[in-house]
Structures are given as structure tokens and as C-alpha cells.
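Convention: sequence-line order gives letters A, B, ...; per-chain numbering from 1.
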Amino acid sequence: MAKVKGPTPQSQDFSQWYLDTIQLAELADYAPVRGTIVVRPYGYALWENIQRVLDGMFKATGHQNAYFPLFIPMSFLQKEAEHVEGFSPELAVVTHAGGEELEEPLAIRPTSETIIGYMWSKWIRSWRDLPQLLNQWNNVVRWEKRTRPFLRTSEFLWQEGHTAHATKEEAEEETARMLGVYLQFARDYAALPVIPGQKTEREKFAGAVYTTTLEGMMKDGRALQSATSHFLGQNFARAFEITFQDKDLEEKYVWTTSWGLSWRIIGGIIMTHGDDKGLVLPPKLAPIQVVIVPIYKAGSKERVLQAAGALEAELREKGLRVFTDDRDQYTPGFKFHDWELRGVPYRVELGPRDVEAGTAVIKSRIGEKETAPLADLKELLPKRLEAFHDELFARAREFRKARTRVVDDYQAFKEAVAEGFALAYHCGDAACERAIQEETKATARVIPLEFPAHGVLQDDEALKATGEGTCIRCGRPAAYGRRVVFARAY
RNA sequence: CGGGGCGUAGCGCAGUCCGGCAGCGCGCCUGCUUUGGGGGCAGGAUGUCGCAGGUUCAAAUCCUGCCGCCCCGACCA
């Protein structure tokens, strides 16, 4: 009897479970520089699938990809007051290059609003040059004090969209539209039931007029910001003199937006769906959707492998991502555990008895085994993967609902944020928000909002409710006209 | 950046108190045998004991300094 190998149980130490799972599933490994990680092939394949889906959605909404440089003159970052205050503490700066000290230090981009603003000020002359609808897939660097793989790393991969518009209305519409794109991605591809809405003043992006966000609940009840879309107003336009001559002959500042989603979403997928056996990957993003495990003895190896090969070809023809695990040095039992750890949604077991009978055993990562005719699998498995996705989403949403409490007194609030989300009225005062954080470790995560025109809807009635009340902590009249989601956050 | 803990084979650890042959489990390699839920037997390889200096006949072990990692806290658009 071999010792059981696998991640630390979630109930014992959720944080350790997360770290173990990433290592054991070979998603990533620690790199030599503090806070940096190597994304290993299996993890990168997951990221590539995320990129592929999102990139298609960006293009479908009229955006084009471009690439702006990694190095940004320090002076650029200082042009927008809130921006510099927000990002200075975590900047990495190049002071020497080519063996000499640089005249002006170069910041390694923490985000690209400034350099894109600078370029736009050169490119934009007329209303005919608008809108600018750009996106870039790149890396950014933020020197965080405390890091965690995927969730907060010194360097991370993401995409950052940047748009410039002639009118405020158009820019605000873009902000909502892209939040809608992220919500669709989260719901329909990552199976993440996230709460769309707006950040409070205290939590918004440094330099934004307002920030919209998607907040998810992890299996330990903590919140994870999964994507953001910012309305930047004319803040960066003024800082970088981005103006255009409008149809009415007036010279005007443009209105800009930015929006981003990082590989942090991988952390969200891990902590939303994973269990004590390891990863559970949503089928639409999983690098491998179906793994075929051939089972054979000396005399049956050839027959079984041939049947496995034929099945793999059939499933590939249906567009499924399939892998046949014919590694000779491992037993079937080992392979079962191995692919469960790696979160593959469906497994097909194919042994001599099955080949003989023209059947196979299929097993869902989150369900029971069943026997099905081999000939049916090419129709059956795509349906099962759809159902798998739906079940992942449904159970995550149920989990979130079960751990979300509507609270009206501070004691209940404290209990709620120890376990999950608290829906509470708040006065909107930043000092009061800070006090709540000091007293409970919870922060205002999101003011739930809907933008029906862009498909941004809540998936829970409790989050749609509007109303007036008094602040959960200080008792002053509540702001926002609705309850705010508070939680401990990553 | 403050408090605590830990650095010994790829991973997890024992050995450190009380100086005296570098060990265990897993993994890895070879062969045989196995294969329907983490197989078995036999043989084998792998060490800058975090780094530097000191004490000593002798240092993983004692002393000094440094570095790194983890946890808690502060910080974290």
C-alpha cells in the first residue's frame, strides 16, 4: 500500500493546498528571483486557451492588438497625480544600461496608460482618428511585498485594453461593454460565477474616474478580483495633452478607458473549482479535455492501443482536446490519480474487456464512472463536457450564495466576512472603509451593478436589490442606494 | 519593513542539544515481473549539510557575520 500522495487537504490548510496543487499539477514553479514564477507547459497551455478565447472576443468587439514598450520614462508616470501615488511604491526601475548610469531612469511598466497616452497625443488629431480601440498581451512588473503564484507575482502576464473616444458617453459605454466581455468569459468559459459592479473610491484604479470589476468567491470564502474595466474620464488626456478637433471645430480632450485581465484568473479557476484531489479545470479552457487511459496485459497491449488510437482520432475529429496516456512505466491506478490531480474533466478507461465488448468506461472528474458503447463516445463526450461546465458553474454559484449573508448589524457583519461575503449598507466614507478593514480585515469588494445593454447581469436576486439604509459600522445614511459586498480579499 | 520558523540528495525529513563513517522515506536509473484505483523483487546512481569566516586533531553539529525561503502582520490600481 503506497502512501497517498496529493495536495494538503483544503480543510487543513487552504493556502498550502493551493501551493501544493500548482506544484503537483505542474502548472508553475518558483523562479530564482523572489516573487517570480515559471509557467510550465501545462499551465501555459491553459493560459493560451484563455488568450485565444478572450482575443477572439476583443476582436469581435472591434479591437486591434498592438505592442508598446516595456520601458517607460519615469517622468511619464509622474504626470497623473493619483497614478504616480498608486504605483510608485511598487515600481521596478532601471537606472543603469549599457554600462552607464541613465540620465532618466526607466520604469518597467506596471501598466501602460502613460506610454499609450503619450503616443496617442501624437497620433490623434481629428475626430476621424477616434475611437482608438487597442489591446496588448504583455507582461508587467509590480514589486509586491508579499507574493503568491498567479495571484500576486512580481512579474505577470495579462492583457491591457486601452481605448480613446470623442465623447464621455461612448467611453462609458466601452467600459461597460468590456466588463460584459469579461463577465461572458468568466461565466461561459471559466465557469466562474462572479459579481459585476463598481469599486468604491478607495478601491478604484489609481487614475480612474471609476473602476468596474468582477469579484469571485474562492473556496475559502475570500474574494478575488478577476478582471477590471476602468473609465478614466479625461484624466490621462489632460496629463498627456491628448486632444482632437471635433466636428464643431472645437479642440477637445479625448475620453479614455482601460481594462485588464491577468493570469490571476488561473488562480481564480484553481481556487473556485479545485478539490482535495487537485485541479478541476473548466472544459472549455482545459488543455486536455479527455484523457484516454489504455489498460492492458502483455497479450492485449496491441489490441487495446489500437482501439485507443482509433478513439482518439474520432474524438479529435469532433474538435476535442484528447490525450492518450500510453506511458508504460505507470499503472492505470497511478494514471487515474495523476490526471485527476491535473484536473482533466473526463477520463476514458479502455481495457481488454471493453475492447472485446465494444465499450469503454468513462469517468467525470466530479462524478461517477459509467459504461458506454465506444461508438457513442464521439457524440456523448461533447454533451458531457457541456454538462460538466454547467455543473461547475452551478455548484460554484451555490457555494457563493450559501456563504453570502445580508447583514444589518456589525456583529453579524464580522461573522459573515469570516466565512464569506457580507452584503451591507455603507456610508461611502473612505475613512470608515479603512476602519472596517482594521477591525475585520474585510474590504469593500464591489457595489453590485447591472448594465443590461452589455449583458452585465447579476446571477443572484440578492445582488439586484436596491434600497436605502444606514451604514453597517457608523450608522450614517448609506451611499450607493444598495448594499455593498464586503469580504476578505486576495 | 516588524514578529516567528526553517535551510542536510530531485521532494519530504532525521541527525545538531552532547563535535568523531552523510542517513531514512518517496522519487530517479537498470533488469525481471506486473498493469481495471497510486504494484512486487533484485541491483544501482545522486550531497558545496544555504554562504563566508572562526574555534578544534576533527565541524552538518560549537561561535560570528551574511543570504534565502515559509508563516503571521503591515503593504498590495
Side-chain angles (χ1 to χ4, degrees), chain A residues 1-6 8 13 15-16 19-20 23-24 26 29-35 77 80 82-91 109-114 140 142-149 151-154 156 158 160 199-213 224-225 227-230 232 235-236 258-260 262 264 277-278 293-301 304-305 325-341 347-357 359-361 363 369 371 434 437-438 441 443 488-490:
Chain A
M1 184 63 70
K3 258 194 301 187
V4 176
K5 282 159 279 184
T8 302
D13 183 345
S15 175
Q16 195 58 51
L19 298 172
D20 288 351
Q23 288 277 342
L24 292 169
E26 297 181 344
D29 200 356
Y30 295 103
V33 175
R34 189 190 67 83
L77 287 156
E80 212 287 332
E82 281 188 18
H83 198 62
V84 63
E85 192 187 335
F87 282 104
S88 287
E90 53 193 66
L91 279 185
R109 63 180 165 218
T111 180
S112 301
E113 277 77 4
T114 58
V140 288
R142 298 179 187 181
W143 218 256
E144 304 283 2
K145 292 278 193 275
R146 196 165 167 196
T147 61
R148 203 187 270 268
L151 300 177
R152 185 171 292 109
T153 47
S154 302
F156 59 91
W158 73 343
E160 47 177 325
K199 286 290 189 188
T200 62
E201 272 298 296
R202 180 164 184 260
E203 298 284 334
K204 75 175 186 185
F205 175 71
V209 173
Y210 62 78
T211 289
T212 63
T213 182
L224 183 75
Q225 176 177 299
T228 48
S229 179
H230 316 290
L232 305 176
N235 292 350
F236 285 90
S258 68
W259 26 275
S262 77
R264 170 180 259 207
K277 290 178 179 175
V293 178
I295 300 161
Y296 47 77
K297 299 186 200 301
S300 56
K301 180 173 177 178
V304 169
L305 284 181
D325 187 359
D326 60 359
R327 291 178 295 176
D328 225 6
Q329 70 271 35
Y330 296 117
T331 61
F334 179 93
K335 293 176 185 176
F336 296 163
H337 286 278
D338 198 36
W339 294 110
E340 281 165 0
L341 171 64
R347 173 176 88 222
V348 177
E349 300 172 19
L350 195 57
R353 297 201 298 266
D354 298 300
V355 175
E356 215 55 50
T359 62
V361 173
K363 163 88 173 70
K369 283 186 183 185
T371 301
R434 193 178 315 115
Q437 180 173 10
E438 281 162 11
K441 294 180 181 170
T443 50
R488 296 187 62 185
Y490 276 99

query: Asp29(A) CG to C69(B) P: how many Å, rounded?
result: 14 Å
- request: Could I get the full list of side chain to side chain contact (heavy atoms under 4.5 Å, CB included) partners for Arg353(A), not counting sequence neighbours?
  value: none
- prompt: How far, in whole Å, is G68(B) from A59(B) if one measures between their P atoms?
  reply: 28 Å
message: Apply salt bridge (Lys or Arg N to Asp or Glu O under 4.0 Å) to residues Lys204(A) and Glu82(A) and explain how you reach the verdict.
response: CA-CA 11 Å; Lys204(A) 75 175 186 185; Glu82(A) 281 188 18; 3.7 Å; yes
query: Is the base of G37(B) touched by the side chain of Lys363(A) through a donor-acceptor pair closer than 3.5 angstrom?
result: no
- prompt: Considering Watson-Crick and G-U wobble pairs with both distances under 3.5 Å, what does G47(B) pair with?
  reply: none
Separation of the C1' atoms in A9(B) and G44(B), to the nearest angstrom: 15 Å
Short N/O separations, protein against nucleotides 74-77 of chain B, under 3.5 angstrom:
from, atom 1, to, atom 2, distance (Å)
C76(B), O2', Glu144(A), OE1, 3.1
C76(B), O2', Glu144(A), OE2, 3.2
C76(B), O2, Arg152(A), NE, 2.9
C76(B), O2, Arg152(A), NH1, 3.2
C76(B), O2, Arg152(A), NH2, 2.8
A77(B), O3', Lys204(A), O, 2.7
A77(B), O3', Ala206(A), N, 2.0
A77(B), O2', Lys204(A), O, 2.9
A77(B), O2', Phe205(A), N, 2.7
A77(B), N7, Arg142(A), NH1, 2.3
A77(B), N7, Arg142(A), NH2, 2.8
A77(B), N6, Arg142(A), NH1, 3.3
A77(B), N1, Gln225(A), NE2, 3.0

statement: Taking a pair to mean Watson-Crick or G-U wobble geometry with both distances below 3.5 Å, C24(B) pairs with G12(B)
- prompt: To the nearest Å, how far apart are Leu24(A) CG and C26(B) C1'?
  reply: 13 Å
query: Counting any heavy atom closer than 4.0 Å, what does Val361(A) reach on the DNA or RNA strands: base, sugar-phosphate only, or nothing?
result: base
query: With a non-hydrogen cut-off below 4.0 angstrom, is Arg347(A) in contact with a base, only sugar-phosphate, or nothing?
result: base
- request: Return the set of residues passing side chain to side chain contact (heavy atoms under 4.5 Å, CB included) with Thr200(A) (not counting sequence neighbours), or none when no residue passes.
  value: Arg202(A), Glu203(A), Glu433(A), Ala444(A), Ile447(A), Tyr480(A)
- prompt: Counting any heavy atom closer than 4.0 Å, what does Leu19(A) reach on the DNA or RNA strands: base, sugar-phosphate only, or nothing?
  reply: sugar-phosphate
statement: Here the distance between atom C1' of U33(B) and atom NZ of Lys297(A), to the nearest Å, is 13 Å
task: Using both distances under 3.5 Å as the test, list the Watson-Crick or G-U wobble partner of C32(B), or none.
output: G40(B)
- line: Residues passing the ring-ring contact (aromatic ring centres under 6.0 Å, His included) test with Tyr296(A), sequence neighbours excluded, are none
- request: Tell me the partner of G2(B), counting only Watson-Crick (N1-N3 plus N6-O4 or O6-N4) or G-U wobble (N1-O2 and O6-N3) with both under 3.5 Å; none if nothing fits.
  value: C72(B)
- prompt: Just checking Glu340(A): base, sugar-phosphate only, or nothing, at a heavy-atom cut-off of under 4.0 Å?
  reply: base
query: Under the side chain to side chain donor-acceptor pair (under 3.5 Å) test, which residues partner Asp29(A), sequence neighbours left out?
result: Gln23(A)
Among G73(B), G37(B), U35(B), the one nearest Pro332(A) by side-chain distance: U35(B)
message: Over all strands shown, is Asp328(A) touching base, sugar-phosphate only, or nothing at heavy-atom distances under 4.0 angstrom?
response: nothing
query: Expressed in angstrom and rounded to an integer, what is the separation of Arg148(A) atom CZ from C69(B) atom C1'?
result: 15 Å
message: For a quick check of understanding: with a heavy-atom distance under 4.0 Å over all strands, which category does Lys277(A) fall into, base, sugar-phosphate or nothing?
response: nothing
message: Heavy-atom count check: over 12 atoms from other residues, nucleotides or ligands less than 6.0 Å from Gln16(A) CD?
response: yes
task: Cation-pi check, Arg264(A) to Phe156(A): give yes when NZ or CZ is under 6.0 Å from the six-membered ring centre and within 45° of the ring axis, no otherwise.
output: no
field: Contacts of Thr331(A) that satisfy side chain to side chain contact (heavy atoms under 4.5 Å, CB included) - sequence neighbours left out
entry: Phe334(A)
task: Would you kindly give the NZ-to-C1' distance between Lys369(A) and G36(B), to the nearest whole Å?
output: 7 Å
